[in-house]
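All residue numbers in this chain count up from 1 along the given sequence. This one's a predicted model, so the numbers in the text were calculated from it and none came from an experiment. Computed over heavy atoms, backbone and side chain alike; hydrogens, waters and symmetry mates excluded.
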Amino acid sequence: MEKNFQAVVVDNKDGNFSVETKQVFLEDLSSGEVVIKVHYSGVNYKDGLASTPDGKIVRSYPHIPGIDLAGTVVSSEDSRFKEGDQVIATSYEIGVSHSGGYSEYARIPADWIVPLPTGLSLKEAMIVGTAGFTAALSVQRLLDNGMNPENGPVLVTGATGGVGSFGVAMLSKLGFNVVASSGKKEAEDYLTSIGASSVIGREDVYNGKIKAMDKQLWAGAVDPVGGESLAAILSKITYGGSVAVSGLTGGGAVPTSVFPFILRGVNLLGIDSVYCPMEKRQKIWERIATDLKPEALTSFIYKEVTLEQLPNELPTILEGGITGRIIVAVV
């Protein structure tokens, strides 16, 4: 590998915050048993937060963000991996307290690495990324709790975002009637093209009022939004249905009551993709490569950028104007 190489570095010296593409060395990277030549990464909400001085994501500076990466093993001190292996690394502490995927090379603990499953290319794995993995985890939990297409329609909130888009596509591929909720009226064609049976506005989910029990509308939901919207969803889930929640873009407080749980047997399922156990993680990636793999994955790409272009693109994920995924082509 090269003596020095490019990486996006976030720094905060004496209150002077910067996000720049710089030359770094292997010794600048966090420790790990496996060195990976990174081919692709992606942009997630956490990565956008890492690019702001008050994002409260980065533990120490200088730091290389990027919570996702896919590439080829250059060297390994662990017998599970060898030179030339194609691998995926997402979540854990990558891009937060451990140097991440916005670099031509990454050094990652072997316990955090998933072999690239047959059926996915490195680029496809990063189109999916943490967002698609979280969606797949959500779908799996709903299935494990008895949800099936015969139960009725399933709601997906934040449907134009990464988790939402993949939730729509994966549920549709499994034969569900998917109701996609979005604040972007212009996104209806996109959402129907990836599998939504119908598209509704945010106000159709939460209109500013929350009833303890409302009309039963959906057999389940994939919700990366949280907040008051989640409370409204819980009041509208049919008897025995489930909601898989994975985010809080709508806020962390959920002003609900016990009534949906004790009178309708509704299940609230928490989804954590960060510390998901490796055995389950590998099984989910295998499903993403097979029966959960959306058709025409490239249609999920909002924009593809280079490391040099990335510093200018990172803030856009926080502005809510993205439909789909920003992909980073590192090599």
Backbone of [Y] reached by a side-chain donor or acceptor of [X] within 3.5 Å:
X: Ser76; Y: Asp78; result: yes
X: Lys22; Y: Gln6; result: no
X: Asp47; Y: Asn44; result: yes
X: Tyr102; Y: Gly42; result: yes
X: Ser242; Y: Leu142; result: no
X: Thr134; Y: Val163; result: no
X: Gln309; Y: Thr306; result: yes
X: Thr323; Y: Thr160; result: no
X: Ser198; Y: Val179; result: no
X: Arg325; Y: Ile127; result: yes

Modelled atom types, side-chain donor and acceptor of [X] and [Y], under 3.5 Å:
X: Asn207; Y: Arg202; answer: no
X: Thr157; Y: Asp223; answer: yes
X: Ser299; Y: Tyr190; answer: no
X: Lys37; Y: Thr72; answer: no
X: Thr90; Y: Asp68; answer: no

Exercise. To the nearest 0.5 Å, how far apart are CD1 in Ile237 and CD in Gln216?
Worked result: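 Rounded to the nearest 0.5 Å, the CD1-CD separation comes out at 9.5 Å.
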
For this session: Please test Asp85 against Lys82 for salt bridge (charged side-chain N to carboxylate O under 4.0 Å, His left out), starting from the C-alpha separation and ending with a verdict.
Result: CA-CA 6 Å; Asp85 285 351; Lys82 64 183 187 303; 3.0 Å; yes

Just checking [X]: does its [atom1] atom have more than 12 heavy atoms from other residues, nucleotides or ligands closer to it than 6.0 angstrom?
X: Glu279; atom1: CD; answer: no
X: Tyr61; atom1: OH; answer: yes
X: Glu83; atom1: CD; answer: no

Within a strict 4.5 Å, meaning less than it, do heavy atoms of the [X] and [Y] side chains meet?
X: Val43; Y: Leu310; result: yes
X: Pro62; Y: Lys13; result: no
X: Ile64; Y: Val8; result: no
X: Leu269; Y: Asp144; result: no

For this session: Step by step, work out the side-chain contact (heavy atoms from CB on, under 4.5 Å) result for Leu116 and Val87.
Result: CA-CA 5 Å; Leu116 182 74; Val87 295; 5.9 Å; no

For this session: Might you work through the salt bridge (charged side-chain N to carboxylate O under 4.0 Å, His left out) test for Glu304 and Lys123, ending with a clear yes or no?
Result: CA-CA 11 Å; Glu304 184 171 319; Lys123 183 173 184 177; 2.8 Å; yes

Exercise. Considering the options Ile194, Leu297, Val222, which one meets the side-chain contact (heavy atoms from CB on, under 4.5 Å) requirement together with Phe166?
Worked result: Leu297

For this session: Decide yes or no on salt bridge (charged side-chain N to carboxylate O under 4.0 Å, His left out) for Arg107 and Glu33, but give the supporting numbers first.
Result: CA-CA 7 Å; Arg107 188 161 55 182; Glu33 298 84 18; over 6 Å; no

